[in-house]
Amino acid sequence: MLGGYDYREVEKRIAELWKKEKIYDFDEKSSRKVYSIDTPPPTISGHLHIGHLFSYSQADFIARYKRMSGYNVFYPFGLDNNGLPTEILVEKEHNVVAEKLGREKFIELVEKTKDKYEEEYKKIWRAVGISADWSLLYTTISKDSRIASQLSFIELHEMGRAYRKETPTLWCPKDRTAVSQMELQDKTEKTNFVYIKFSKDVEIATTRPELLPAIVAIFVNPEDKKHAKLVGKQVKVPLFGNEVGIMADQRVDPTKGTGMVMCCTFGDQTDIEWYKAYNLSLRIAIDDSGRMTVEGYRGMKPKEARQKIVEELKKGGYVTREQEIDHDIKVHERCKNEIEFIVKEQWYIRYLDLKDELLRLGKQLRWHPDYMHHRYDNWVQGLQWDWGISRQRFFGIPFPVWYCKNCGEVKLADRDQLPVNPLVDKPKLGCAKCGSTEFVPEADVMDTWATSSLTPLINARWATDKKYMGKIYPMSLRPQAHDIITFWLFTTIVKCYLHTKKLPWAEAVISGHGLDPKGKPMHKSEGNIIDADKTLEKFGADPVRYWASSSTLGEDSSFQEKDMISGQRLVNKLWNVAKFIDQNCKTFESKPKEIDRWITARSLYALKEATELFENFNYSGAKRVAEEFFWFFSDNYLEFIKYRIYGKDSSANATLGYVFLLVLKMLAPFMPFATEEIYQKLFRGKLDKAVSIHVSAWPTFDKKWVDEPSLKKGDMAQKVIEYIRQWKHNNKMALNAELKELVVSEDLGGLEEDVKGAMNIGRLTRGSGTLTVPETEIHLEIKAE
RNA sequence: GGAGGCAUAGUCUAGUGGUAGGACGUCAGCUUUACACGCUGAAAGUCUGGGUUCGAUUCCCUGUGCCUCCACCA
């Protein structure tokens, strides 16, 4: 006998069962068709919130459906512990500064911290029922990932696609370190906006006159008629005397200042863009300690130089006016000092020449929802420069590169040296060009996207034993959220295409974000994080997944407690039907009657619809169909057959079991715990042989079980019952109150007993009636007494 | 500034070129041998303006509001 349903106890026990039976392990020996999933590795930057549960559940629905559809599912899980968020986390947790500790020791600390989060994360992902194969777990700083990233770089270098170029980087002159955009803060300062007359027609307003010696071009807006005739001309820079060209670019606001902008290397972000986009020359005015390098101002801080230059400009009569404005500047959040741009040699991957190829690959990929394709296209079309992959940080995967001390030639590591740390390891041979054995190591590390862009290849073990290359690659599916289409999805296509000439996956499924109850994204700084752990504890995994399955693919969805309640109700209802069957059905053998053929046909049509929706990755539609059918089944079919069951007539048993199992299977991808529990208690070894519902076969639609005449008759009987229910309600009667006689105008085709039983009718006769059942030709006469 | 998305009852949401479906909430009726975490019934809705059409909530344009990504703040 089944008792109450305690989700805390059940979910824990079922999760153990899955673990013990290895339900979700990839079957290496099987010849079944493989379905491989390129799971996003979450960063270990802290605690998981319900937004994570939301998007990972959505991928899990698909994994589970595919598994039940007979695929050998390759579903790995990853953890991203490479990159700045991890660096910041580890610095905070251990109260250290990465630069001071040094790279080797810091990576050790990262590994330690990772272990802790790995356990915590695994616990939560298991608790929410993610059906990944945990033996395939990878991390982005692991040895394998380092080998893959470095091998990738070596191959790209050999292809001639990796090159070095002097490029500006955000730099903190005080800490003497590169800074990422994430570490910037805005600060407003009072600054003088200085108008400088270069010539008769050229006047420029600037907040940074000290960068006059670093001017490489002057820009005007292409729509700006006032300045149009100047484009292409040259003009002399005051005080410094060099000539610079005047160019046109959209980014200039013609209403701001004089409508003419000086482009220096480098004063701000736009300068960098222009420098890259127009291949401008480089004039450095500030060094990495934040001091001027220009003759006459050498060693001065920019602000001192600014004063001196303005004075000199005034003496020369170049300054027409000055205006104090509020100016937003970027400061380093750690030390609050203004950041500068300084120039470093950095590695790039050349890909601008591949735009057409990349667009073609984007077209080849099947996108769900398909409009997400636009974002990719738009991004590729707008690319203006190559992919910079150098980062001047301590923590990360190093480039497998040294430079010859003598001639400067690049020396790549040998493949069998990987993973290599050039700061510690040495090249195997001398310089190929000059024979020198003295080398300078590359101190920079790779951008994290240079590694994450390899996840399909890391999973396939491309860089090592190539174990899964032919088997899982190209992968079947990339599930991810829409915000990183231009990063993760795009860079993965780039790298995998360069290395394998193939599109890395057949399909991309793009999920939305789980938002807070007000519809706002969850951010630590907003304080609106809803904790994953606590939510699972409070409502159970199935209801949380129910919420995740209720929103359309690609759409954001705000977290509503009432969705959890709806999920809990569904679980409860499933459990109660299970109890009913458990109490009343000893076997699942019997001969179906008319009404049984009716619900069977109904269930198969629901199955057909759900399957089609699932095949199109419309899991929310599939869930809806399954759920709707289940409530229909409970409220109608069960009412029809109760009187037979109570009368110890077992003729409905087989249908009851068969249809309910079908419902469980349709809901299994969404509510894996409750459906499993019921399957184990009721059906395993009886109606199905599979050890778990999650490796049982997704039912197939078979027309031969669809009896169209029974379907019509059943629908008719159901309408009659609906009418009688309303009639009883209008007469303030209980639904099971006895009715003496029902007169029906039509032949109910063998369903008379069912109608009588369901509505507690004493006698059913044929004859004319005055009441009309809506949507039918049936007339009734109801006699209560 | 560029690109994309969204707008449906009090709330969350589905769907459709022809009477808009569900859930929560609300109101009313019902102790009905699985379930009051239930059953039955009721009230309540297509953002503004324009166009295409016999007919638009759906398709097109426009406005407004919200969201995401990218860019910008000389």
Side-chain angles (χ1 to χ4, degrees), chain A residues 2 4-5 186 188 191 193-194 204-209 211 218-219 250-253 256-264 267-271 273-274 325-330 369 371-379 381-382 384 481-487 510 512-513 515 517 519-521 546-547 550-552 554-584 618 620-621 624-625 627-628 631 634-635 638-639 642 645-646 721-722 724-737 758 760:
Chain A
L2 300 182
Y5 185 85
D186 280 330
T188 307
T191 312
F193 206 30
V194 184
I204 284 167
T206 179
T207 54
R208 303 205 56 182
L211 289 175
I218 285 169
F219 281 93
Q250 305 246 341
R251 279 163 275 216
V252 179
D253 177 355
K256 201 155 184 175
T258 62
M260 302 186 87
V261 186
M262 62 185 209
C263 170
C264 314
D268 65 30
Q269 292 275 2
T270 326
D271 291 347
E273 283 178 33
W274 282 330
I325 56 163
D326 284 330
H327 184 211
D328 285 335
I329 57 163
K330 302 279 185 201
Y371 63 79
M372 292 292 180
H373 182 204
H374 293 307
R375 300 199 189 188
Y376 173 89
D377 262 6
N378 189 250
W379 172 259
Q381 277 159 4
Q384 288 194 63
H482 52 64
D483 54 342
I484 48 173
I485 289 174
T486 54
F487 293 101
I510 310 295
H513 287 292
L515 308 173
K520 296 278 169 209
Y546 177 90
W547 162 60
S550 300
S551 85
T552 307
E555 303 263 324
D556 296 343
S557 172
S558 63
F559 178 85
Q560 306 287 336
E561 287 214 356
K562 64 180 198 198
D563 288 327
M564 303 300 128
I565 307 296
S566 301
Q568 284 178 329
R569 287 204 175 128
L570 179 55
V571 170
N572 182 61
K573 192 78 178 175
L574 286 166
W575 186 248
N576 278 306
V577 172
K579 263 164 72 179
F580 177 78
I581 292 174
D582 183 51
Q583 284 161 20
N584 295 296
N618 188 346
S620 56
R624 196 173 51 246
V625 168
E627 186 185 8
E628 261 168 26
W631 287 99
S634 310
D635 294 344
L638 252 60
E639 296 303 323
K642 260 180 177 173
I645 299 272
Y646 295 153
I721 285 188
E722 251 171 43
I724 299 170
R725 277 173 178 167
Q726 195 165 355
W727 189 89
K728 282 186 173 177
H729 179 264
N730 290 342
N731 288 284
K732 304 202 179 215
M733 292 167 78
L735 284 173
N736 66 341
N760 196 11

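The sequence lines fix the lettering, A, B, ..., with proteins before strands; numbering per chain opens at 1.
The P atoms of B/rU64 and B/rG25 are separated by 38 Å, rounded to the nearest whole Å. Atom name C1', nucleotides B/rA9 and B/rG5: the rounded distance is 24 Å, in whole Å. Remark: the separation of the P atoms in B/rA7 and B/rC12 is 12 Å, to the nearest Å. Straight-line distance between the C1' atoms of B/rC27 and B/rA34: roughly 28 Å, to the nearest whole Å. The P atoms of B/rG65 and B/rA23 are separated by 35 Å, rounded to the nearest whole Å. Remark: the separation of the C1' atoms in B/rG10 and B/rG2 is 38 Å, to the nearest Å. B/rA56 and B/rG50: their C1' atoms are spaced 13 Å apart (whole Å). As rounded to the nearest Å, B/rU46 and B/rU57 have P atoms that lie 10 Å from one another.
Inspection of the A/S558 and A/Q560 side chains reveals an N or O donor paired with an N or O acceptor under 3.5 Å.
The side chain of A/K562 has B/rC12 as its nearest neighbour among B/rU40, B/rG5, B/rC12. Counting only heavy atoms from C-beta on, A/S566 has its side chain closest to B/rC24 among B/rC24, B/rU40, B/rC70. Taking every side-chain heavy atom of A/L638 into account, B/rA34 is the closest of B/rA34, B/rC69, B/rC67. Relative to the side chain of A/K579, the nucleotides B/rA28, B/rA34, B/rC69 differ in distance, and B/rA34 lies closest.
Donor-acceptor pairing under 3.5 Å, judged by distance alone, is absent between the side chain of A/K728 and the base of B/rU40.
As rounded to whole Å, 13 Å separates atom C1' of B/rU68 from atom CG of A/N378. Atom CH2 in A/W547 sits roughly 11 Å away from atom P in B/rU13 (whole-Å rounding). When the P atom of B/rA34 is taken as reference, atom CD1 of A/I581 falls 12 Å away, rounded to whole Å. As rounded to whole Å, 13 Å separates atom C1' of B/rC12 from atom CG of A/L515. As rounded to whole Å, 9 Å separates atom P of B/rG25 from atom CD1 of A/I565. Between the CD1 atom of A/I484 and the P atom of B/rU68 there is a distance of 16 Å, given to the nearest Å. Per the geometry, CZ belonging to A/F580 stands 14 Å off P belonging to B/rC39, to the nearest Å. A/D563 has its CG atom 13 Å from the C1' atom of B/rG25, to the nearest Å.
Distance check, rounded to the nearest 0.5 Å: CD1 of A/I510 to NE2 of A/H373 gives 11.5 Å. The line from OG1 of A/T206 to CZ of A/F193 is 7.0 Å long, rounded to the nearest 0.5 Å. Interatomic distance, CD1 of A/I204 versus CE of A/M262, reported as 7.0 Å (0.5 Å rounding).
Using Watson-Crick or G-U wobble geometry with both donor-acceptor distances under 3.5 Å, B/rA3 finds its partner in B/rU68. Of all nucleotides present, none satisfies the Watson-Crick or G-U wobble test against B/rU48 with each distance under 3.5 Å. Using N1 to N3 plus N6-O4 or O6-N4 for Watson-Crick, or N1-O2 and O6-N3 for G-U wobble, each under 3.5 Å, B/rG15 pairs with nothing. The pairing partner recorded for B/rC37 is none, the criterion being a Watson-Crick or G-U wobble arrangement whose two distances lie under 3.5 angstrom. Searching all strands for a Watson-Crick or G-U wobble partner of B/rU32 with both distances below 3.5 Å returns nothing. If you check B/rU26 for Watson-Crick or wobble pairing at under 3.5 angstrom, you find it paired to B/rA42.
Between the side chain of A/D271 and the backbone N or O of A/C263, no donor-acceptor pair lies under 3.5 Å. Of the possible polar contacts, one joining the A/K728 side chain to the A/L735 backbone as a donor-acceptor pair under 3.5 Å is found. In this structure a side-chain-to-backbone donor-acceptor pair under 3.5 Å is missing from A/N572 to A/Q568.
Comparing A/Q560 and A/G554, the nucleotide of RNA chain B nearest to each residue sits closer to the 5' end for A/G554. Toward the 5′ end of RNA chain B lies the nearest nucleotide of A/H729, the other residue of the pair A/H729 and A/F219 mapping further downstream.
Listed by chain and number, the residues in a side chain to side chain contact (heavy atoms under 4.5 Å, CB included) with A/K642 are A/F580, A/E639, A/Y646 (sequence neighbours excluded). By the side-chain hydrogen bond (donor to acceptor under 3.5 Å, both in side chains) test, A/T191 is found to be paired with no residue, residues two or more places apart in sequence or in another chain being considered. Remark: A/T258 engages no residue in a side-chain hydrogen bond (donor to acceptor under 3.5 Å, both in side chains) (not counting sequence neighbours).
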Quick one: which protein N/O atoms are closer than 3.5 Å to N/O atoms of nucleotides 14-16 of chain B? Pair and distance per line, please.
from	atom 1	to	atom 2	distance (Å)
B/rA14	OP1	A/T552	OG1	2.2
B/rA14	O2'	A/R624	NE	3.4
B/rA14	O2'	A/R624	NH2	3.3

Can you tabulate the close N/O pairs, meaning under 3.5 Å, that link protein atoms to atoms of nucleotides 30-32 of chain B?
from	atom 1	to	atom 2	distance (Å)
B/rU32	O4'	A/N736	ND2	2.8

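In this structure, A/R725 reaches the B/rU40 phosphate: one of its side-chain N or O atoms is under 4.0 Å from OP1 or OP2.
The closest side-chain heavy-atom distance from A/Y5 to A/N576 is not below 4.5 Å. In this structure the side chain of A/R208 never reaches within 4.5 angstrom of the side chain of A/C264, judged on heavy atoms. Contact of the A/L570 side chain with the A/Y546 side chain is registered, since non-hydrogen atoms from C-beta on lie closer than 4.5 Å. Side-chain contact between A/I645 and A/Q583: absent, with no pair of heavy atoms (C-beta onward) separated by less than 4.5 Å.
Residue contacts shown for A/D635 are limited to sugar-phosphate atoms, with no base heavy atom under 4.0 Å away. Backbone-only engagement by A/F487 is indicated by non-hydrogen atom pairs under 4.0 Å involving sugar-phosphate atoms exclusively. Here A/W274 lies out of heavy-atom contact (under 4.0 Å) with every strand.
RNA chain B is contacted by A/R569, A/N572, A/K573 of residues 567-575 of chain A, taking any non-hydrogen atom closer than 4.0 Å.
Between A/Y646 and B/rU33, a base-stacking contact is recorded: ring centres under 5.5 Å apart, planes less than 30° from parallel.
In this structure, A/F559 and A/W547 have perpendicular ring planes: the angle between them is above 60°, well past the 30° mark.
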